[in-house]
Amino acid sequence: MRTSFFLAGKYLRPRRNAVSVITLISVIGVTLGVAVLIIVLAVMTGFTDLMKSKLLATQAHFHIRGSRGTVGDPAPLVESARKLGLRAAGVVQTPVLAQISTKLDTRVISIGAKSDALKQFMELEKYLKKGTLSLNHGEVIISSDMARRWGANIGSRILLHAPNKLTSMVKLKSDGGVELDPDRPVYLPGEFTVSGIYSFGKYDFDRAVLFLNDEDAADLAGLPWGFVSMIYGWVPDPFDMDRNMQQLKAEVPAYFTVSSWQEENRQLLGVLQVEKRMMFFLLIFIVLVAAFSIANTLITAVYQKTHEIGILKALGASDGTVLRIFVFQGMLVGIVGAFCGTVAGILVIRFRNDLLRLATRWTGQDLFPKEFY
């Protein structure tokens, strides 16, 4: 055993022949395979965890919706959730049109809730960059992305239009065309003052969502007094909430729909999981290529060492001893390559942002635009 290990190590020592070059290439192949495997899996795992944390930061853990799209009296539902050890609050969520001077932004969603609920449950105060979270009557909190697009700042005034009220002002004429509905009052948009600017760091959310006082949001959406669009709820552990969901569904009347954040984002989470599995599956082939490279090295070494093998056999070495020499040689190549690959992978992950900035500077392109993640 000791002799086999000694000779295996001796054959790995750098020498100026084809075997040493092939051995070096094999070590580099294993190093690259292991490094790429570690880097890609680490990046994909981190990306998935980051997406989940951003999803949980920008939406409730569960939603309760009414059969008609509204909840008339949210208090009993909030109390039912509280009895189960959960937290809940009624919110008014509706699409709006934002007008700044003569510019109109159609891709905006307003969320109306009490400032205490936003502070305690959504932790909006944590992501507030400027201003306050008071949300008094006539105040609105916009994102830093909106502030940049609209040229707005604290104290800026914006108009919010409710699409349902705009459409109710006109009607189709029997002979074709449209006209103002005389039975409907003239609609005026709501005027709001920017009191705060937030940034969750999730592009699609920051791109579209602004926050209002719950009464202002209900008035903008045309909801009756006390009505809300849905109930937002939060559980102690969002990654283990099956039992909470079962209890809540049993407690809530059947004409309400209860859905978890995993159900709301089933497609996105499924895509992330499939992508991670496919990455692992494809990277396995890189490791297999490295393994075949080691096998090629050993086959070449056997042909190159034919005379040495004959001398060993003449000195009394058994077939097992000769076999162990090359098995140990392959193991040493794999161990050295795996160690170097692990070190290289950890270093790349450690300095990933510096390497990303360097690659961006060299290529002149943003390799990971924030719009996509």
Side-chain angles (χ1 to χ4, degrees), residues 50-60 89 91-166 187-221 229 232 265 268 353 356-357 360 365-373:
L50 178 63
M51 284 299 299
K52 289 180 179 179
S53 68
K54 293 296 183 182
L55 287 173
L56 291 172
T58 54
Q59 63 181 245
V91 300
V92 179
Q93 180 175 315
T94 182
V96 295
L97 308 177
Q99 181 180 344
I100 306 88
S101 184
T102 57
K103 300 177 182 178
L104 193 66
D105 194 334
T106 60
R107 295 176 294 176
V108 180
I109 298 173
S110 68
I111 294 180
K114 296 187 182 298
S115 58
D116 291 341
L118 294 176
K119 184 185 298 183
Q120 296 174 14
F121 302 153
M122 291 195 72
E123 299 182 345
L124 183 57
E125 193 173 36
K126 175 182 175 183
Y127 300 96
L128 200 65
K129 302 302 180 182
K130 292 182 182 179
T132 63
L133 193 59
S134 57
L135 275 185
N136 296 318
H137 176 68
E139 292 183 341
V140 62
I141 297 177
I142 65 175
S143 70
S144 56
D145 186 79
M146 293 176 179
R148 178 184 54 80
R149 295 199 322 266
W150 300 344
N153 209 330
I154 302 297
S156 299
R157 305 188 72 81
I158 63 174
L159 299 177
L160 296 181
H161 298 267
N164 59 327
K165 290 186 177 180
L166 285 174
Y187 163 73
L188 292 177
E191 185 178 5
F192 296 89
T193 301
V194 176
S195 63
I197 298 175
Y198 77 88
S199 177
F200 277 93
K202 188 171 184 289
Y203 181 77
D204 56 346
F205 188 89
D206 291 351
R207 174 69 181 78
V209 176
L210 53 78
F211 296 94
L212 302 173
N213 180 285
D214 56 339
E215 295 180 3
D216 289 339
D219 181 64
L220 193 64
S229 300
Y232 277 9
N265 301 279
L268 174 61
N353 292 328
L356 180 61
R357 284 191 290 268
T360 301
Q365 297 181 350
D366 189 358
L367 300 182
F368 290 98
K370 68 175 185 177
E371 301 93 278
F372 301 124
Y373 71 91

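When a residue number appears, it is its place in the shown sequence, counting from 1.
- For the pair Phe200/Val209, no side-chain contact is recorded, criterion being any heavy-atom separation below 4.5 Å from C-beta on.
- Two residues are said to be in side-chain contact when any heavy atoms from C-beta on lie closer than 4.5 Å; Ile109 and Gln93 meet this criterion.
- Under the side-chain hydrogen bond (donor to acceptor under 3.5 Å, both in side chains) criterion, Asn136 pairs with no residue at all, not counting sequence neighbours.
- Considering OG of Ser195 and CG of Leu212, their distance stands at 9.5 Å, rounded to 0.5 Å.
- Every side-chain hydrogen bond (donor to acceptor under 3.5 Å, both in side chains) that Asp214 has, sequence neighbours left out, goes to Lys114.
- The shortest distance between side-chain heavy atoms of Gln59 and Asn265 falls below 4.5 Å.
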Side-chain donor-acceptor pairs under 3.5 Å in residues 94-104, sequence neighbours left out?
from: Gln99; atom 1: OE1; to: His161; atom 2: NE2; distance (Å): 2.7
from: Gln99; atom 1: NE2; to: Ser101; atom 2: O; distance (Å): 3.0

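- Listed by chain and number, the residues in a side chain to side chain contact (heavy atoms under 4.5 Å, CB included) with Lys130 are Asn153, Ile154, Ile197 (sequence neighbours excluded).
- Distance check, rounded to the nearest 0.5 Å: CE of Met122 to OG1 of Thr58 gives 6.5 Å.
- Lys202 contributes atom NZ, which lies 5.0 Å from atom CE of Met51 (distance to the nearest 0.5 angstrom).
- Under the 4.5 Å side-chain criterion, counting only non-hydrogen atoms from C-beta, Leu55 is in contact with Leu268.
- Closest approach of Leu135 to Ala113, counting heavy atoms only: CD1-O, 4.1 Å.
- Nearest heavy-atom pair across Ala221 and Val92 is CB-CG1, 4.2 Å.
- Qualifying side chain to side chain contact (heavy atoms under 4.5 Å, CB included) partners for Ser143, counting only residues two or more places apart in sequence or in other chains: Asp145, Met146, Tyr198, Asp206.
- Here Arg107 does not pair with Asp204 in a salt bridge; the nearest charged N to carboxylate O distance is not below 4.0 Å.
- The side-chain heavy atoms of Phe192 and Leu210, taken from C-beta on, include no pair separated by under 4.5 Å.
- When all heavy atoms of Ile142 and Ala152 are compared, the pair lying nearest together is CD1-CB, 4.1 Å.
- Side-chain contact between Ser53 and Leu50 is present, with at least one heavy-atom pair separated by less than 4.5 Å.
- Note that CG of Leu118 and CZ of Phe211 are 6.0 Å apart. Values are rounded to the nearest 0.5 Å.
- Leu128 has its side chain within reach of Ile141: a pair of non-hydrogen atoms, C-beta onward, lies under 4.5 Å apart.
- Looking at residues two or more places apart in sequence or on another chain, you find a side-chain hydrogen bond (donor to acceptor under 3.5 Å, both in side chains) between Glu191 and Arg157.
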